[in-house]
> 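The structure under discussion is supplied below as structure tokens; questions concerning it will follow.
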Number of protein chains: 2
Amino acid sequence: MPTAFRLSAFLPYRLAVLSERVSRRLAVEYERSHDLSVAEWRVLAHLSRCGAVSVRDIHDCVNLEKPRVSRAVSRLESQGLVTKAPVDRDGRLLAISLTPSGRAILDDIVPKAHSVERRLREAVSPEDLATFFSVMERWHAVLDDDPDARPRSRMDVEGLDAPEAPDPATSGLPG
Amino acid sequence: MPTAFRLSAFLPYRLAVLSERVSRRLAVEYERSHDLSVAEWRVLAHLSRCGAVSVRDIHDCVNLEKPRVSRAVSRLESQGLVTKAPVDRDGRLLAISLTPSGRAILDDIVPKAHSVERRLREAVSPEDLATFFSVMERWHAVLDDDPDARPRSRMDVEGLDAPEAPDPATSGLPG
DNA sequence: TGACTTTCATTGCAGATGCAACGATAACCG
DNA sequence: CGGTTATCGTTGCATCTGCAATGAAAGTCA
């Protein structure tokens, strides 16, 4: 008998569908009012916690390819939301930090993002939510052991509660 | 004090990271050996269950934009994996179905896809897995009530166990 | 010091993506 | 019938994406 594959019950597919739907709902908050892409939003969000960091550091922390970070940062800079400052100690590095405008936009978006998340969290019990996260973590562990899977980005593997783990190359910068 | 947003603990972000990692791991199976894109894989998988269907039907069922389905189908056709047949009863419609070659490729990929999924499922208890899916379903329900969220695609909302729910416009086609 | 390797950010480029048209066909309805 | 509307699949186009390659700047080590 011919192979029949039930895509709608397939775990990777279901994950992708939900993830995309949630992402698009969230994108409404930063796209509609501030014309930001996903990459730009992630960069801003990361900068809100980590101060002046390099492109490499952002790449390591927010699951974006380095060129994507670079372009996102350039666009944010052209909009006056971040600044790129050379690092005197290392001519290769760039110290990227938020401007007041960037901070103002974050101050507007972050509550909306939290609101979207809160509505999702409130729809399930704390126990179920904990189970959900533990399942996600175990699946990451499965992929960590799979040579055909991509490695996890640094911030995601180093624990979600750790302090910012500053890049030694850029820590101690102004900003 | 300035807004500090912990991206790595943000639910939409975490969902996106896991989903992308799983998707990329799965893509290894159909990309490396058969040079298929996600869209092409989804089209083939859908056809394996639903026989001869229209572009519109695929679009409704596998969470892909219509142009993306159209191009995926065209590329699959050029590779001899599917056929596009006109529907005599309705000149607008196209009856898309698998060729023997397409079926052969599916016969190769599907076990690999199941293997990836099995490893993930085996990493958690059946109870936790059930909880995971019920949480996903509740989040879909939250988004269903949100006017700023996109509607769910047909197959995903009509239940995962329903029979194929053939498009009345294309049902009864050869294949 | 000086050749070699590594790391950094950027750029090129081929291909994918999303959205808005478009032409063609069918359905609706007076 | 005939005109309007709706649907189907496709295409145009601006943008984004991923990957490799580039040039600049450390780091390494004899």
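Lettering follows sequence order; numbering is per chain, from 1.
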> In the 5'-to-3' direction, what one-character label does each nucleotide of nucleotides 19-26 of chain C receive under the scheme B = base within less than 4.0 Å of a protein heavy atom, S = sugar-phosphate only, - = no such atom?
BB----BS

> Quick one: on DNA chain C, does A:Ile96 or B:Ser37 contact a more 5' nucleotide (nearest heavy atom)?
A:Ile96

> Round to the nearest Å and state the distance from A:Asp60 atom CG to C:dT7 atom P.
12 Å

> Mind calculating the distance between CG (B:Leu64) and P (C:dT17) to the nearest angstrom?
9 Å

> Can you tell me how the ring of A:Trp139 sits relative to the ring of B:Phe132, calling it parallel under 30°, perpendicular over 60° and tilted otherwise?
perpendicular

> Give the angle between the helix axes at the two ends of the helix from C:dT1-D:dA30 to C:dG30-D:dC1, taking five base pairs at each end and rounding to 10°.
10°

> Kindly write out the residues that satisfy salt bridge (Lys or Arg N to Asp or Glu O under 4.0 Å) with A:Arg42, not counting sequence neighbours, or none if the list is empty.
none

> Going from CG on B:Leu98 to NE2 on B:His46, what distance comes out if it is rounded to the nearest 0.5 angstrom?
10.5 Å

> Enter the distance from B:Glu20:CD to A:Ser23:OG here, rounded to the nearest 0.5 Å.
10.0 Å

> Rounded to the nearest angstrom, tell me the gap between atom CZ in B:Arg68 and atom P in D:dG9.
18 Å

> Compare the minimum distances between each of D:dG9, D:dT17, C:dA9 and the side chain of B:Ser54, then state the nucleotide with the smallest one.
D:dG9

> Please name all residues satisfying salt bridge (Lys or Arg N to Asp or Glu O under 4.0 Å) with A:Lys66, sequence neighbours left out, ordered by chain then number.
none

> Please list, chain by chain and in numerical order, all residues satisfying salt bridge (Lys or Arg N to Asp or Glu O under 4.0 Å) with B:Arg68, sequence neighbours excluded.
none

> Nearest whole angstrom, please: distance from the C1' of D:dT15 to the CG of A:Asp35.
12 Å

> Can you measure A:Leu36 atom CG to D:dT15 atom C1' for me and round it to whole angstrom units?
16 Å

> For B:Lys112, give me all partners under salt bridge (Lys or Arg N to Asp or Glu O under 4.0 Å), at least two apart in sequence or on another chain.
B:Asp108

> Whole-Å distance between C:dA9 P and A:His59 NE2?
10 Å

> Is A:Ser70 near enough to C:dT10 that one of its side-chain N or O atoms lies under 4.0 angstrom from OP1 or OP2?
yes

> Check the orientation of A:Trp41 and A:Tyr30. Use parallel for under 30°, tilted for 30 to 60°, and perpendicular for over 60°.
parallel

> Would you kindly give the CZ-to-C1' distance between B:Arg75 and D:dT11, to the nearest whole Å?
18 Å

> Would you call A:Arg21-B:Asp146 a salt bridge at under 4.0 Å N-O?
no

> How many whole angstroms separate atom CD of A:Glu20 from atom P of D:dT17?
13 Å

